[in-house]
Asker: 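Can you read through this structure? Questions will come right after.
Only a predicted model underlies this, so the values are computations on that prediction, with no experimental measurement involved.
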Amino acid sequence: MNLMYWEEKLVVPAYICDHTDHLEIWGMARITQESADHHTDALHCGFADMIKQNYAWVLARMYYRVNKMPAAGEMVTIRTWSRGCDGLQFYRDFEILNSHDEVMVAATTVWVVINYSNRKLCRMNDFLSDIEHNPRCATDIEVLKRLKVPAMTDDRYVKYIPVEQSMIDHNNHMNNAEYLRVIFDAMADMIDSRDGISFEINYLQETNLGDKIQLEREVVDKCAYFVLTNAEGTSVTCKVNY
């Protein structure tokens with residue numbers, strides 16, 4: 001079996017769709033992350049293999065371009081592959097294709113490896129040296145850089161969100177998809193369809209159970225910028241083009 005690409009078919013479940021019966025942004029993040037989990041499991045560097053050595057994968061940055069959101073009940077193919085590593089950063093791309101092999105969603109992501117106990121970054125080049133990489137980039141952004149967000153003004157949108165148990169994943173921090181849930185809930189007054197949007201998000205530090213997030217939104221032209229802050233400082237920055 002060629003493990004350079006990982007592909008799996010999925011009938012889009014209604015329970016991760018919105019009021020228009022199309023895939024939610026957070027649901028899209030969940031199913032792509034699940035496919036990455038399956039791929040790394042097959043490569044023997046998934047969560048179960050890494051945690052035995054006190055390591056864990058953590059998502060650091062991602063960029064998604066949505067051409068058309070899949071509908072509930074639609075059969076799609078999720079494709080993912082590793083593009084290799086650059087120092088501490090590991091690149092992984094995704095595509096969601098319809099039954100005609102047309103790309104509905106494309107994504108480029110950056111992952112890092114942490115020591116599970118002390119949460120510090122680790123270099124894993126030797127441990128992961130046997131992984132086959134494919135340099136093809138799914139999006140128009142090959143290298144994700146630190147996202148620049150404009151200063152928040154006095155008339156910005158502000159919301160406070162408590163971090164509940166249902167938001168926490170097996171890395172014992174707020175799951176990346178949960179940030180997208182609160183961000184796009186804060187855009188409910190701005191957009192209805194997700195078709196044609198793109199967004200970039202940086203995960204800067206962990207948010208834990210019991211924290212309270214301050215979400216701020218600033219709109220410039222057709223871009224919505226978000227800054228999410230916890231007690232330790234800025235946790236997430238995000239830019240949505242709509």
Asker: Do Q33 and N176 have side-chain atoms, one donor and one acceptor, less than 3.5 Å apart?
Answerer: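 Judged by distance alone, the side chains do pair up.
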
Asker: Would you list the pairs meeting side chain to side chain donor-acceptor pair (under 3.5 Å) in which at least one residue belongs to residues 221-233, sequence neighbours left out?
Answerer: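 Side chain to side chain donor-acceptor pair (under 3.5 Å) check on residues 221-233 returns T207-N230.
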
Asker: Take R217 and D189 through the test salt bridge (charged side-chain N to carboxylate O under 4.0 Å, His left out) and record every step on the way to the result.
Answerer: CA-CA 12 Å; R217 183 191 76 194; D189 61 330; 3.1 Å; yes

Asker: How long is the span from the CD atom in E142 to the SG atom in C137, to the nearest 0.5 Å?
Answerer: 5.0 Å

Asker: Show the nearest heavy-atom pair for residues Y157 and A186, with the distance to one decimal.
Answerer: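 In this case the closest contact between Y157 and A186 is CE2-CB, 3.8 Å.
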
Asker: Restricting to non-hydrogen atoms, name the atom on C122 and the atom on Y55 that form the minimum distance, rounded to 0.1 Å.
Answerer: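 Smallest heavy-atom distance, with atoms named: SG-CE2, 3.8 Å.
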
Asker: Measure the spacing between CG of D18 and CD of E24 and express it to the nearest 0.5 Å.
Answerer: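 Atom-to-atom, D18:CG and E24:CD are 4.5 Å apart.
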
Asker: For a 4.5 angstrom cut-off between non-hydrogen side-chain atoms, does E216 reach Q214?
Answerer: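 E216 vs Q214: side chains touch.
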
Asker: Could you walk me through whether T77 and E8 pass side chain to side chain donor-acceptor pair (under 3.5 Å), step by step?
Answerer: CA-CA 6 Å; T77 299; E8 52 190 61; over 6 Å; no

Asker: With a 4.5 Å heavy-atom cut-off, do H133 and I131 have their side chains touching?
Answerer: yes

Asker: Is L144 reachable from M28 through a run of I, L, V, M, F, W or Y residues, each pair having side-chain heavy atoms under 4.5 Å apart?
Answerer: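 M28 and L144: separate clusters.
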
Asker: Can you tell me which residue among I197, I25, D192, V240 is in a side chain to side chain contact (heavy atoms under 4.5 Å, CB included) with M187?
Answerer: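 Among I197, I25, D192, V240, the one meeting side chain to side chain contact (heavy atoms under 4.5 Å, CB included) with M187 is V240.
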
Asker: So do W6 and H38 actually touch side chain to side chain, heavy atoms under 4.5 Å?
Answerer: yes

Asker: Distance from Q89 atom CD to L121 atom CG, nearest 0.5 Å?
Answerer: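 One gets 9.5 Å once the value is rounded to the nearest 0.5 Å.
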
Asker: Does V105 share a hydrophobic cluster with V12, counting links as ILVMFWY side-chain heavy atoms below 4.5 Å and allowing steps through other members?
Answerer: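 Yes, because V105 and V12 connect within a single hydrophobic cluster, where side-chain heavy atoms sit under 4.5 Å apart.
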
Asker: Would you call I161 and L215 a side-chain contact if the rule is heavy atoms closer than 4.5 Å?
Answerer: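 Of all side-chain heavy-atom pairs linking L215 with I161, at least one is under 4.5 Å.
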
Asker: Look up atom CE in M174 and atom CG in D169, then write down how far apart they are to the nearest 0.5 Å.
Answerer: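 M174 atom CE to D169 atom CG measures 10.5 Å (nearest 0.5 Å).
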
Asker: Hey, any chance M167 and L209 share a hydrophobic cluster, counting ILVMFWY side chains that come within less than 4.5 Å of each other, even indirectly?
Answerer: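 M167 clusters together with L209.
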
Asker: I want to check something: taking the side chain as every heavy atom from C-beta on, are E95 and W81 in contact at a cut-off of under 4.5 Å?
Answerer: yes

Asker: Here's one to test your reading of the geometry: is the NZ or CZ of R119 within 45 degrees of the ring axis of Y116 and under 6.0 Å from its centre?
Answerer: yes

Asker: Please report the shortest heavy-atom distance between D93 and T109, naming the atom on each side.
Answerer: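 For D93 and T109, the tightest heavy-atom pair comes out as OD1-N, 4.2 Å.
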
Asker: Just do the side-chain contact (heavy atoms from CB on, under 4.5 Å) check on V112 and W57 with the steps written out, would you?
Answerer: CA-CA 6 Å; V112 295; W57 290 106; over 6 Å; no

Asker: CD of E206 to CG of N171: how many Å apart, nearest 0.5 Å?
Answerer: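 Spacing of CD (E206) from CG (N171) equals 7.5 Å.
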
Asker: May I ask you to test the T108-Y64 pair for a side-chain heavy-atom distance under 4.5 Å?
Answerer: no

Asker: When rounded to the nearest 0.5 angstrom, what is the spacing between CG in N241 and OH in Y63?
Answerer: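 Separation between the atoms: 7.0 Å.
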
Asker: Work out which heavy atom in V103 is nearest to a heavy atom in L97; give both atom names and the distance.
Answerer: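 Looking at all heavy atoms of both residues, the closest pair is CG2-CD2, 4.2 Å.
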
Asker: Suppose we call two aromatic rings close when their centres sit under 6.0 Å apart. Are W111 and F90 close by that rule?
Answerer: no

Asker: Mind checking side-chain hydrogen bond (donor to acceptor under 3.5 Å, both in side chains) for S35 and listing every partner two or more places apart, or none if nothing turns up?
Answerer: none

Asker: Does the pair L228 and T234 meet the rule for a side-chain contact (heavy atoms from CB on, under 4.5 Å), with working shown?
Answerer: CA-CA 6 Å; L228 280 69; T234 302; over 6 Å; no

Asker: The test is side chain to side chain donor-acceptor pair (under 3.5 Å); show your working for E7 and Y5 and say whether it passes.
Answerer: CA-CA 6 Å; E7 289 189 358; Y5 279 102; over 6 Å; no

Asker: Between S82 and G84 (side chain of the first, backbone of the second, donor and acceptor by atom type, cut-off under 3.5 Å), is there such a pair?
Answerer: yes

Asker: Determine, stepwise, if the pair V76 / M104 fulfils side-chain contact (heavy atoms from CB on, under 4.5 Å).
Answerer: CA-CA 9 Å; V76 297; M104 306 184 79; 4.3 Å; yes

Asker: What closest approach, in Å, do M190 and A224 show between heavy atoms, and which atom pair accounts for it?
Answerer: CE-CB, 4.1 Å

Asker: When you measure from the side chain of H39 to the backbone N and O of L3, does any donor-acceptor pair fall under 3.5 Å?
Answerer: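 Between the backbone of L3 and the side chain of H39 there is a qualifying donor-acceptor contact (under 3.5 Å).
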
Asker: Check the pair L204 / V236 against side-chain contact (heavy atoms from CB on, under 4.5 Å), numbers first and verdict last.
Answerer: CA-CA 6 Å; L204 304 175; V236 160; over 6 Å; no

Asker: Any side-chain heavy atom of Y179 sitting closer than 4.5 Å to one from R181?
Answerer: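 No, side chains not in contact.
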
Asker: Between Y242 and F199, is the gap from one ring center to the other below 6.0 Å?
Answerer: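 Distance test on ring centres: not under 6.0 Å, no.
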
Asker: With a 4.0 Å cut-off on N to O distance, would you call E178 and R30 a salt bridge?
Answerer: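 Yes, E178 and R30 are salt-bridged.
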
Asker: If hydrophobic clusters are built from ILVMFWY residues whose side chains come within less than 4.5 Å, do I191 and I183 share one?
Answerer: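 Same cluster: I191 reaches I183 through Ile, Leu, Val, Met, Phe, Trp or Tyr contacts under 4.5 Å.
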
Asker: Mind checking whether I31 and L59 sit in one hydrophobic cluster, side chains of I, L, V, M, F, W, Y counted as touching below 4.5 Å?
Answerer: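 Yes; tracing contacts between hydrophobic side chains, which count when under 4.5 Å, links both residues.
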
Asker: Could you tell me if E218 and T153 have a donor-acceptor pair between their side chains, going purely by distance under 3.5 Å?
Answerer: yes

Asker: For D195 and M69, indicate whether the former's side chain and the latter's backbone hold a donor-acceptor pair under 3.5 Å.
Answerer: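 Indeed, once roles are kept as given, a pair shorter than 3.5 Å links the two residues.
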
Asker: Are the side chains of K145 and E200 in touch, meaning some heavy atoms are under 4.5 Å apart?
Answerer: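 K145 vs E200: side chains apart.
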
Asker: Verify whether one side chain among N115 and N54 offers a donor that lies under 3.5 Å from an acceptor in the other.
Answerer: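 Indeed, the side chains of N115 and N54 share at least one donor-acceptor pair under 3.5 Å.
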
Asker: What are the two closest non-hydrogen atoms of R92 and A36, and how far apart are they?
Answerer: CD-CB, 3.6 Å

